Amino acid sequence: MDYKDLANLIFPDVKEISYYEEKYPERNLPEGAIVTRFAPSPTGFVHIGGLYQALVARTVAQKTGGVFFLRVEDTDQKREVENGVTGIVNSLKDFDMAPDEGMISDTEEIGNYGPFKQSLRKEIYQAYAKYMIEQGKAYPCFCTPEDGEEIRQKQESAKIRPGYYGVWAKCRNLTVEEMVEKIQNGENYIIRFKSPGREDRKIKHKDVIKGNVDFPENDLDIVIIKADGLPTYHFAHAVDDHLMRTTHVIRSDEWLSSVPLHLQLFHELGFKAPKYAHISPIMKNDNGGKRKLSKRKDPEAAVEYYKQEGVPSDAVKEYLLNIANSTFENWRRANPDAKMEEFDFQLNKMSVSGALFDMVKLLDIGKTVISKMTAEAVYEESLEWAKEFDTELAEMLVDKEYALKVFGIERGNKKPRKDIAKWSDVKENIEYMYDDKFYGKAQEYPYQVISDKEDLEKIFKLYIEKYYDENDDKQTWFDKIKALAVEMGYAGEVKEFKANPGMYKAHVGDVSTAIRVGLTSRTNTPDMYEIMQVLGKDRIVERLEKAIG
RNA sequence: GGCCCCUUGGUCAAGCGGUUAAGACAUCGCCCUUUCACGGCGGAGACAUGGGUUCGAUUCCCGUAGGGGUCACCA
């Protein structure tokens with residue numbers, strides 16, 4: 001009886017690892033190409049931190065002519081959620097970040113290095129586990145979860161380091177005969193890695209982001225195959241990233257402390273270890289303290305949130321890129337119209353500490369992104385958003401020709417308007433351009449300086465009857481408002497008024513504000529001339545007459 | 001608690017032994033202006049702390065404090 005017999009007893013039907021080594025050869029890519037991945041578990045929605053990792057991974061892969069793939073880590077059936085994979089795939093699509101390889105729907109995938117769903121790779125992991133057992137580098141462990149609990153408690157009360165290692169690793173030193181006998185007696189078991197590490201020795205690791213980090217060696221005999229036959233994260237990571245020929249493992253920094261284990265696993269498996277880049281999490285300010293953005297407490301932790309709110313996906317990506325490489329915003333200022341893909345992203349320039357999520361800044365980027373869009377694009381995107389999240393707005397947008405005029409107001413010039421940060425802002429910013437919404441709302445006219453009803457009536461009447469002409473150009477139009485102001489006893493120039501406030505009731509700005517409020521029931525709007533162009537004479541007259549009544 | 005990482009204005013951060021310590025968001029003021037945004041100009045605002053090393057530390061070393069991560073048959 002030897003390890004080989006033991007291995008055959010445990011995994012009689014799996015293939016030799018050479019089969020897989022040949023099936024998934026080294027990739028033929030240009031020098032320096034980075035192969036990396038996004039490897040979430042389908043436990044619900046995609047976290048903003050996950051999107052951040054994916055964006056970084058995809059960016060470096062793209063930049064180097066490498067590969068970005070999506071692997072689903074569903075080895076824990078207990079945590080699995082219905083439609084989890086679909087949710088991930090769709091979220092990536094929403095941000096225009098579909099992977100080069102891997103899952104593209106719940107059941108479909110692309111690329112030659114699959115399957116990309118771990119639950120479908122069971123026999124692959126088992127082949128490698130068998131190989132490890134043959135080598136005497138892994139062994140069956142018959143300890144029950146209760147045994148494990150007992151060990152842990154003993155260690156805790158004795159105040160020594162918890163875990164399955166050294167003298168605590170009871171099954172580690174069983175003879176092959178004993179193991180075989182237990183198996184033949186039908187005892188349950190799992191497979192553990194036989195760690196060659198020693199806690200009193202250090203290993204050096206150079207992380208692409210964190211830099212040099214020293215750790216004690218791993219000496220824990222961690223589980224590699226669970227009772228359900230599926231691998232644990234660690235083992236799946238080693239096998240998959242080797243077989244998928246990953247060059248860079250870009251993942252959340254909660255994994256940093258597992259690096260000694262992972263390096264050891266790669267080494268014992270005879271694999272070349274990938275480079276690691278551990279990304280700091282995105283944090284949130286919580287009563288003065290910092291904590292990770294939490295799925296349960298923070299709606300903005302889910303990428304769905306941004307879709308629902310209508311934050312443009314480009315704004316989210318630019319914001320994230322900004323956190324990732326702060327030189328991005330300088331680059332963006334120098335290259336306002338360049339595609340963000342052109343930015344020279346540097347993995348090793350990423351911050352080693354976690355950034356606080358700044359919604360205000362995100363929305364500021366949203367404003368800029370939207371301000372640069374054409375009326376047509378604004379129309380299309382807000383309509384798409386509205387169809388899903390705001391049917392009232394979608395109805396307003398049915399008349400495309402008119403909507404385009406509304407969105408065209410103060411758009412396309414050198415200093416475009418920046419009043420929309422997200423699509424959910426659109427409705428309130430255009431409502432007054434729609435008669436049914438304008439009249440439908442309880443009419444309130446927040447007049448400012450000029451609030452005397454008689455004066456207002458006179459201004460409106462005079463304006464409609466004497467001054468307003470829809471064919472006027474902007475200069476003439478405003479000259480006429482000045483003339484109106486003067487006729488009514490207001491200063492035609494603001495400066496005149498300021499110089500001699502006592503001589504006038506108020507100034508032309510106040511007159512135009514009165515007209516603005518009468519026309520839109522708002523004190524602040526985009527350029528009134530442009531608004532009036534869109535409204536047209538009949539509606540202007542009607543609105544001002546109703547404002548009087 | 002053990003191990004590991006981090007600490008520049010309110011926030012994101014540049015800087016890597018000698019700088020008037022950048023920039024962006026936010027904030028305040030002024031200008032532009034028919035409103036509000038935009039834009040322009042300007043202001044306020046920071047190297048956690050104590051020791052070293054050095055001619056000289058925000059930059060290097062050690063300690064302290066604070067923050068974060070991790071110690072599962074979860075990922």
Side-chain angles (χ1 to χ4, degrees), chain A residues 39-41 43 73-76 78-79 118 141 143-145 148-149 152 156 159-164 188-192 199 205 207 210-211 213-216 220 222-228 230-234 236-237 251-260 278 280-281 283 285 289-292 319 322-323 325-330 332-333 349 351-365 367-368 371 410 413-420 429 448 478 481-482 485 493-494 507-517 520 522-529:
Chain A
S41 26
T43 54
E73 312 224 322
D74 60 342
T75 55
D76 184 8
K78 295 186 291 286
R79 297 209 311 167
Q118 291 183 328
C141 169
C143 295
T144 61
E149 180 62 20
R152 220 205 75 241
E156 210 165 85
K159 295 204 162 140
I160 51 178
R161 188 166 55 96
Y164 203 84
N188 293 325
Y189 59 91
I190 51 164
I191 309 297
R192 301 193 96 108
E199 212 243 350
H205 164 63
D207 193 87
K210 304 277 180 185
V213 189
D214 294 352
F215 285 104
L220 263 26
I222 57 113
V223 176
I224 58 175
I225 301 288
K226 300 182 285 184
D228 59 11
L230 287 167
T232 53
Y233 170 86
H234 306 106
H237 154 54
R251 66 201 341 181
S252 154
D253 77 356
E254 69 198 54
W255 292 110
L256 186 63
S257 57
S258 299
V259 164
H278 287 94
S280 309
M283 316 287 281
N285 192 312
K290 265 188 180 183
R291 54 153 235 262
K292 276 212 267 191
Y319 173 65
N322 208 306
I323 291 183
N325 268 189
S326 68
T327 47
F328 176 81
E329 64 187 356
N330 290 326
R332 175 45 89 205
R333 245 181 325 136
K349 291 255 177 78
S351 169
V352 287
S353 53
L356 244 32
F357 187 80
D358 189 346
M359 185 65 83
V360 175
K361 187 149 183 169
L362 203 212
L363 294 180
D364 180 73
I365 295 174
K367 282 184 191 171
T368 305
S371 77
E410 274 193 73
N413 45 19
K414 313 148 289 303
K415 294 200 297 186
R417 216 171 157 72
K418 288 191 176 178
D419 49 3
I420 301 173
N429 278 290
Q448 309 272 291
F478 192 56
I481 290 180
K482 282 183 183 173
E493 299 288 342
V494 180
H507 60 75
V508 61
D510 300 316
V511 174
S512 78
T513 294
I515 295 174
R516 182 192 312 278
V517 173
T520 67
R522 294 165 62 112
T523 52
N524 57 317
T525 70
D527 185 72
M528 197 158 62
Y529 178 74

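All values derive from a computational prediction rather than experimental measurement. Hydrogens, waters and symmetry mates are skipped; everything else that's a heavy atom, side chains included, is used. A note on names: the letters A, B, ... follow the listed sequences, proteins ahead of strands, and every chain is numbered from 1.
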Have a look at A/Pro416 and say if it touches a base, only the backbone sugar-phosphate, or nothing, with a 4.0 Å heavy-atom cut-off. sugar-phosphate
Taking any heavy-atom pair under 4.0 Å as a contact, classify A/Lys367: base, sugar-phosphate, or nothing. nothing
For RNA chain B, what string of dots and brackets results from 5' to 3' when Watson-Crick and G-U pairs need both distances under 3.5 Å, crossing pairs get [ ], and pairs with another strand get |? (((((((..(((.....[....))).(((((.......)))))....(((((..]....))))))))))))....
Provide a list of protein-nucleic acid N or O atom pairs under 3.5 angstrom, restricted to nucleotides 39-45 of chain B.
from: B/rG39; atom 1: OP1; to: A/Lys418; atom 2: NZ; distance (Å): 3.2

Using heavy atoms to find the nearest nucleotide of RNA chain B for A/Glu493 and A/Thr75 separately, return the residue whose nucleotide is more 5′. A/Glu493
Assign A/Arg161 to base, sugar-phosphate, or nothing according to its heavy-atom contacts below 4.0 angstrom with the strands shown. nothing
Within the structure shown, what part of the strands sits under 4.0 Å from A/Arg291 by heavy-atom distance: base, sugar-phosphate, or nothing? nothing
In terms of side-chain heavy atoms, does A/Lys349 have a donor or acceptor partner in A/Ser326 at a distance below 3.5 Å? no
List the protein contact pattern of nucleotides 3-12 of chain B with one symbol per nucleotide (5' to 3'): B for base contact, S for sugar-phosphate-only contact, - for none; contact means a heavy-atom distance under 4.0 Å. SSSS----SS
Let me spell it out: for each of A/Tyr529 and A/Ala39, pick the nucleotide of RNA chain B with the closest heavy atom. Which residue's pick is nearer the 5' end? A/Tyr529
When all nucleic acid strands are considered with a 4.0 Å heavy-atom cut-off, which category describes A/Thr520: base, sugar-phosphate, or nothing? nothing
Answer yes or no: side-chain N or O of A/Arg522 and base N or O of B/rU35 forming a donor-acceptor pair under 3.5 Å. no
If we take the P atom in both B/rG51 and B/rC12, what is their distance in whole Å? 28 Å
Heavy atoms under 4.0 Å, any strand shown: does A/Ser258 hit a base, just sugar-phosphate, or nothing? nothing
Classify the nucleic acid contact of A/Thr523 as base, sugar-phosphate or nothing, counting any heavy atom under 4.0 Å across all strands shown. base
